[in-house]
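These notes concern the structure reproduced below.
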Amino acid sequence: MSNSGSSDASTTTASTAAFTAGSSIVDLAEVRAARSRTASAADATRVAGDDLFEGIERQAWIVGTAAELMISGMNRFIDELDVLMSEVKVAKEFCSACQEACELEDLDAMIEARDRLRAEFNSRSTSAAGLAAE
């Protein structure tokens, strides 16, 4: 037991001797400069982090603006589709009425249906041309 205790003491003494023998006088200005560089690096990291968040915030704003424009465009597209769907519905009803007129067996009824459909078609074309001119 005493051997192990003396070997620990000699190892500690040897390491202390090596440290003091190999070391020189500590220059406090150099230590302060090293600490200053470390602090500056930490500040630079913090500033870089702030810049990073500002960049992310700017990109989020850009994405938000682009999303608003896309939503606006989609709303206009939906409105145009609604108008188109109503026009298709009117055209389908007109075609169905024309088909029914063609299937009539009475010639006078066919002529009346044709005239009525022509007047209806002309009134729609005139109103559509008037709306387009506005």
Side-chain angles (χ1 to χ4, degrees):
M1 230 174 158
S2 64
N3 286 341
S4 66
S6 68
S7 93
D8 287 339
S10 63
T11 306
T12 306
T13 307
S15 66
T16 306
F19 178 75
T20 54
S23 65
S24 59
I25 298 174
V26 176
D27 185 7
L28 294 177
E30 190 175 317
V31 171
R32 286 185 191 118
R35 285 184 182 167
S36 172
R37 284 191 299 270
T38 305
S40 295
D43 289 341
T45 304
R46 190 174 318 115
V47 169
D50 292 342
D51 290 342
L52 176 70
F53 287 119
E54 287 174 8
I56 290 172
E57 185 178 51
R58 184 171 187 274
Q59 288 179 355
W61 178 82
I62 290 170
V63 168
T65 302
E68 287 176 7
L69 289 173
M70 287 175 53
I71 290 169
S72 174
M74 294 294 283
N75 285 335
R76 278 194 314 270
F77 180 71
I78 289 169
D79 292 342
E80 290 173 7
L81 281 179
D82 288 341
V83 169
L84 183 62
M85 285 177 53
S86 66
E87 289 175 358
V88 167
K89 181 181 175 188
V90 168
K92 183 181 175 189
E93 290 171 357
F94 183 78
C95 289
S96 295
C98 288
Q99 183 67 34
E100 290 173 7
C102 286
E103 293 173 357
L104 292 174
E105 297 198 13
D106 183 17
L107 189 58
D108 291 332
M110 285 178 82
I111 292 171
E112 285 179 26
R114 180 199 66 194
D115 293 341
R116 179 180 47 84
L117 290 170
R118 180 183 297 151
E120 188 178 314
F121 180 76
N122 288 339
S123 70
R124 278 199 196 118
S125 340
T126 307
S127 66
L131 288 176
E134 291 176 5

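M110 contributes atom CE, which lies 9.5 Å from atom CD of E103 (distance to the nearest 0.5 angstrom). Between Q99 atom CD and K92 atom NZ the span is 13.0 Å, to the nearest 0.5 Å. Distance check: I78 CD1 to M85 CE gives 11.5 Å after rounding to the nearest 0.5 Å.
Taking 4.5 Å as the limit, some side-chain heavy atom of D115 sits within range of a side-chain heavy atom of R118. With a 4.5 Å cut-off on side-chain heavy atoms, E54 and R58 do not count as touching. R124 has its side chain within reach of E120: a pair of non-hydrogen atoms, C-beta onward, lies under 4.5 Å apart.
Comment: E112 does not engage R116 in a salt bridge, judged by the lack of any side-chain N to carboxylate O separation of less than 4.0 angstrom.
Across every non-hydrogen atom of L104 and A113, the tightest pair is CD1-CB, 4.2 Å. In plain terms, the two heavy atoms of L117 and A97 that are nearest each other are CD2-CB, 3.6 Å.
Residue F94 qualifies as enclosed at atom CZ: its count of foreign heavy atoms under 6.0 Å is above 12.
Of the possible polar contacts, none joining the S72 side chain to the E68 backbone as a donor-acceptor pair under 3.5 Å is found.
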